[in-house]
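Below is one structure, written out as structure tokens, with a few remarks after it.
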Amino acid sequence: MPEGANGETPLSDGIRSDYDLIIVGGGLAGSSLAIALAGCGARVLIVEQQEEFRDRIRGELLMPWGSLEADRLGVYQLLLKKCAIEVAYFSNFTNGLRPTVRDLPATTPAATCCLTFPHPEMQAVLLKNAEALGAEVMRGKVVSAVTFGDLPRVHVSGDAKGLSARLVVLADGRDSRLRSALGFEVQRGADQLFTAGMVLQGDVNFSEFLTGEARPSANTINLFFDPAGGRMVIAMRIAPQRNRIYLIYRNDAVGKRLSGRHSVEEMIRQLKDVGAPSHWFDRTRQAGPFASFDGSHRWVDKPYRDGVVLVGDAAAATDPAWGRGLSRTLRDVRLLRDRLLESSDWRSAAEAYAKDHDDFCGRMRRLEAMQTDLLFERGAAADRRREHAFALFARDPTRVPDAIGLGPEAPSDEHARARYFGEI
């Protein structure tokens with residue numbers, strides 16, 4: 001790491017601090033940001049609470065627009081080489097409609113694919129790479145407090161003095177304790193959907209083609225949708241003989257929260273009922289944790305204050321039902337990186353990032369609200385509205401905002417909503 005006689009680096013701008021950047025949390029957001037800035041000469045410290053990353057129910061999919069962000073940050077090829085699977089197709093099976101298979105490189109603006117991976121392995125790969133680029137890493141340490149200021153400070157394991165930085169980044173997840181302690185106010189949307197997830201291991205590939213259009217060397221994301229029942233299934237292979245499958249359902253569609261061993265049989269019954277093929281479950285066994293969680297949007301307006309900035313789920317957690325959380329996290333990281341690299345005034349850069357973040361996350365919330373309202377409402381009136389909209393989609397596919405390919409750049413204003421619902 002390039003360093004001057006007084007501990008300065010090319011990004012330090014003459015400011016004397018223990019580090020340029022202290023990042024709380026060494027997951028996708030924290031490690032990716034460390035890779036981006038340590039590689040440019042910044043003095044970076046990551047404080048990660050876990051000694052080893054554990055498997056939990058969380059995202060393991062990058063959408064094509066998220067893959068573009070990963071490429072911009074220089075981590076796409078790293079993940080592909082170490083732990084990820086490139087998925088070039090997206091298959092949709094909606095009850096009552098003809099199945100569709102989308103060729104992602106041929107139809108997305110940047111000719112990008114989806115990327116799947118086991119979450120703990122992804123975290124380990126990125127954190128190791130950040131360290132190799134010069135970032136200092138503290139594992140198994142708890143940040144007890146963060147203090148605002150011209151040079152904010154991070155107090156690790158009760159240390160009274162703390163460590164100073166030009167900027168402190170909270171990348172410690174959607175339930176960030178430090179975010180609350182610092183007084184960042186969390187907004188929360190309604191609980192409309194739940195997502196239940198599990199890993200199934202065995203000699204089967206949940207990314208196989210089911211439409212008779214087999215492509216031996218390619219993979220697909222398989223999505224099954226039961227609009228009348230208010231349920232959706234997303235399935236994918238994340239590693240050899242390891243598959244992740246999610247059941248997304250309205251809070252009144254299943255009757256209970258699915259979680260733990262006593263709910264496994266009911267989960268599999270629901271998955272099959274929505275359309276997942278029976279042979280998947282004949283040759284696999286459930287492994288790892290199984291739980292469900294609510295899909296309410298949670299966000300902080302203006303996720304920056306007085307030397308402390310929020311990224312990833314600490315800044316905003318959108319509905320996991322749509323599989324965009326990891327892509328959104330990388331968008332955060334790339335926006336913050338760009339702002340920090342274009343200005344030596346990091347406080348102004350962080351203010352600009354906060355505006356960037358609020359803009360694109362607001363568009364994502366509008367987009368997902370549109371989809372939830374049309375696709376998951378139940379009842380006769382909702383069925384008629386969907387039937388009308390789906391007929392229009394068949395004649396004019398541009399009525400459907402391309403959230404898979406464009407992400408937050410997909411149109412979500414009132415005109416786009418009216419076209420989507422078939423009102424104009």
Sidechain-backbone polar pair: [X] side chain, [Y] backbone, donor-acceptor under 3.5 Å:
{"X": "Ser67", "Y": "Thr112", "value": "no"}
{"X": "Asp332", "Y": "Gly312", "value": "yes"}
{"X": "Thr220", "Y": "Asn222", "value": "no"}
{"X": "Ser144", "Y": "His155", "value": "yes"}
{"X": "Arg242", "Y": "Gln201", "value": "no"}
{"X": "Asp20", "Y": "Arg43", "value": "yes"}

When you measure from the centre of the six-membered ring of [Y], is the NZ or CZ of [X] under 6.0 Å away and within 45° of the axis?
{"X": "Arg331", "Y": "Phe360", "value": "yes"}
{"X": "Arg305", "Y": "Phe184", "value": "yes"}
{"X": "Arg139", "Y": "Phe53", "value": "yes"}

Above 12 or not: heavy atoms from other molecules or residues under 6.0 Å from CD of Glu414?
no
Atom of Pro303, atom of His357 and distance for their closest heavy-atom approach
CG-CD2, 3.5 Å
Tyr76 and Glu86: which non-hydrogen atoms are nearest, and at how many Å?
OH-OE2, 2.5 Å
Between [X] and [Y], how do the two ring planes meet: parallel, tilted or perpendicular, split at 30° and 60°?
{"X": "Phe393", "Y": "Tyr420", "value": "parallel"}
{"X": "Trp299", "Y": "His297", "value": "perpendicular"}
{"X": "Trp322", "Y": "Phe376", "value": "perpendicular"}
{"X": "Phe281", "Y": "Phe206", "value": "perpendicular"}

Side chains of [Y] and [X]: any donor to acceptor distance under 3.5 Å?
{"X": "Thr107", "Y": "Asp103", "value": "no"}
{"X": "Glu423", "Y": "His415", "value": "no"}
{"X": "Asp55", "Y": "His119", "value": "no"}
{"X": "Ser296", "Y": "Asp191", "value": "yes"}
{"X": "Ser292", "Y": "Arg257", "value": "yes"}

Quick check on the 6.0 Å ring-centre criterion: do Phe225 and Phe93 meet it?
no
Among Arg328, Arg337, Arg334, find the one that has a salt bridge (Lys or Arg N to Asp or Glu O under 4.0 Å) with Glu69.
Arg334
Here's a test for you: under salt bridge (Lys or Arg N to Asp or Glu O under 4.0 Å), which of Arg250, Arg231, Arg378, Arg386 qualifies with Asp226?
Arg231
Can you tell me how far CD of Gln192 sits from CG of Asp252, rounded to the nearest 0.5 angstrom?
10.5 Å
Would you please test Asp319 and Arg324 for salt bridge (Lys or Arg N to Asp or Glu O under 4.0 Å) and show each step?
CA-CA 8 Å; Asp319 190 337; Arg324 297 166 194 152; over 6 Å; no
